[in-house]
Amino acid sequence: MSGLQAIRYTRGKLEVLDQLKLPHEHHYDQVSTSEEAFDSIKSMRVRGAPAIAIVAALGHAVELHHGSCKTCPPAETISYIDSRLDYLKQSRPTAVDLTNAITHLKATIRAVDVSGKENDASGQDAIIEAYIAAAEEIFRKDTETNLLIGKHGSKWLLENAPTKSADGKVSVLTHCNTGSLATSGHGTALGIIRSLHSAGHLHHAFCTETRPYNQGSRLTAFELVYEKIPSTLITDSMAGALFNLKKAEKNIAAVIVGADRVVRNGDTANKIGTYSLAVLAKYHGVKFIVAAPTTSIDLNTETDAGIKIEERKPEELTQISGAVVGKDGKVDVSRTERVATAHQEIDVWNPAFDVTPAELIDAVVTERGVVVKGSNGSFDFKDVMPERWAKIVGE
Ligand SMILES: CSC[C@H]1O[C@H](OP(=O)(O)O)[C@H](O)[C@@H]1O
């Protein structure tokens, strides 16, 4: 597994790699409170659906470990933890892993038997220990999940690739960053690429720069080069020309992307630009694969209509390392023939995600297996999530 770690944790201490500084600087922030975890997520110093959930869960675990909750009865302890988790939930709205982790953590602390402990600290201690252990399990289990996604996804692609290179290998394209910098390790979509590479089945990996945050050029390229995976960086706008080439190592078999939220019918919210790649893939006969741990699947939301798409500040688009459009994102027309015109601010639309309809998706790869559309043309996640399906959807 890659030596790159977005998150470093031992009980009572959480360090989060500042991804806004990558690839130029490798700096870890200490995160010891819910506020510091919230700020790290909101600012995108840490990002990636699974990593967001892990940092939120562990950030609160660290503050609980250091006694942030005053001594109080179990019911008040649960209310305190709930309030901290509800605050953390507001950090970024689209990725469902954070919501699913919070739901799990709230259920875990409510399952603690505190009978006979209502009036002494042992009840609170039991609840806090249960919370910390559950948060640590979320972190531990994520890497195991990603390795399974890599195994299932690479197997499915090798069995269903529309094209292979002369040496029987596949070339793929990925978008955004879904590797060790977006998870606890190995990654989801990039995890499938790692699994293909380590098994000798990857011919070439292409990654898009993924404007405006540049997760591809700053983060995925960094991971691919770090592990000497044969790879090429392209701009987002080059994908269609690449699919159209169909020559040598540029003969793309599949687009493999991650997910922030896969809803019940398979519609998938992912990094902005994913939908465009899905349309291009369909036109060019390229498979389109979504790599999604079951923690990224939202059975409570039936279709894309229920997905909230986060919009982020204009400066993330108008400025890269310093102003691109003009000082502070303003388009200065005062030096044109229309002198003395007040600075005009170009409007900016900066949705962080878009939605790819299920009809454009060939497979959703989870840690429990690959889900493809049935004869009715829709996805059915019942077999990979039987417990949650029965609870939410029913038999
Ligand atoms: C396994 S990461 C999933 C998902 O999260 C990323 O979004 P962001 O970088 O804004 O947190 C991207 O959409 C990835 O595909």
Side-chain angles (χ1 to χ4, degrees), residues 2 4 6-7 16-20 22 40-56 91-101 138-139 142-143 145-150 153 173-194 207-223 236 255-262 268-278 288-298 307-313 316-317 350-356 361 364-367:
S2 159
L4 290 174
I7 302 161
V16 177
L17 183 61
D18 181 345
Q19 298 188 32
L20 285 173
L22 286 178
S40 186
I41 295 165
K42 181 76 176 171
S43 66
M44 293 181 69
R45 292 199 300 279
V46 65
R47 28 64 50 201
I52 288 169
I54 292 165
V55 167
S91 55
R92 291 190 73 194
T94 305
V96 75
D97 300 62
L98 177 54
T99 299
N100 284 339
I138 288 171
F139 182 39
D142 182 63
T143 304
T145 292
N146 297 338
L147 291 168
L148 287 169
I149 287 173
L173 176 131
T174 194
H175 186 58
C176 196
N177 174 259
T178 58
S180 296
L181 295 174
T183 66
S184 65
H186 194 70
T188 58
L190 196 50
I192 293 175
I193 291 172
R194 280 196 167 94
C207 62
T208 57
E209 67 177 344
T210 316
R211 288 283 289 135
Y213 183 94
N214 298 312
Q215 287 95 330
S217 50
R218 293 189 307 108
L219 307 179
T220 298
F222 189 77
E223 290 199 43
D236 302 340
V255 175
I256 311 178
V257 298
D260 289 86
R261 187 183 295 247
V262 181
T268 296
N270 194 53
K271 184 50 52 201
I272 187 72
T274 302
Y275 171 61
S276 306
L277 291 173
F288 193 84
I289 299 168
V290 170
T294 52
T295 54
S296 301
I297 297 177
D298 171 13
I307 300 174
K308 175 175 170 47
I309 299 294
E310 174 190 9
E311 291 203 25
R312 294 187 63 87
K313 60 186 182 182
E316 290 185 355
L317 192 148
N350 183 16
F353 305 99
D354 59 24
V355 176
T356 299
I361 299 171
V364 176
V365 181
T366 77
E367 70 277 19

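Everything numeric here is computed off the predicted structure, so don't read it as measured data. For ligands, and for the atoms within them, numbers begin at 1 and follow the listed sequence.
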S180/R194 under side-chain contact (heavy atoms from CB on, under 4.5 Å): CA gap, chis, key distance, verdict: CA-CA 10 Å; S180 296; R194 280 196 167 94; 3.5 Å; yes
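- The single protein non-hydrogen atom nearest to atom 3 (C) of ligand 1 is A259 O, 3.4 Å, given as residue, atom name and distance.
- Heavy atoms of P50 come nearer than 4.0 angstrom to ligand 1 in at least one pair.
- Considering backbone and side-chain atoms alike, G48 places an N or O below 3.5 Å from some N or O of ligand 1.
- The nearest pair of heavy atoms linking H175 to T210 is ND1-OG1, 3.6 Å.
- Of the listed residues (T188, L181, N270, I272), the one carrying the non-hydrogen atom nearest atom 15 (O) of ligand 1 is N270.
- Those atoms of ligand 1 that come under 4.0 Å of a heavy atom in M44, given as number and element, are 10 (O).
- In terms of modelled atom types and a separation under 3.5 Å, the side chain of N270 and the main chain of A259 share a donor-acceptor contact.
- Close contacts between ligand 1 and Q215 involve ligand atoms 8 (P), 9 (O), 10 (O) [criterion: under 4.0 Å to a heavy atom].
- Closest protein heavy atom to atom 5 (O) of ligand 1: D260 OD2, 3.1 Å.
- Between the side chains of H186 and T143, no donor N or O sits under 3.5 Å from an acceptor N or O.
- When hydrogens are left out, the protein atom nearest atom 12 (C) of ligand 1 is C176 SG, 3.4 Å; that is the closest non-hydrogen contact.
- No side-chain N or O of R47 forms a donor-acceptor pair with one of Q215 less than 3.5 Å apart.
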Worked check of side-chain contact (heavy atoms from CB on, under 4.5 Å) between L219 and Q19: CA-CA 8 Å; L219 307 179; Q19 298 188 32; 3.3 Å; yes
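- In this structure, a donor-acceptor pair under 3.5 Å is absent between the side chains of T295 and N100.
- Each of the atoms 8 (P), 10 (O), 11 (O) of ligand 1 lies under 4.0 Å from some heavy atom of R92.
- Residue contacts with ligand 1, taken as heavy atom pairs separated by less than 4.0 Å, do not involve Y213 at all.
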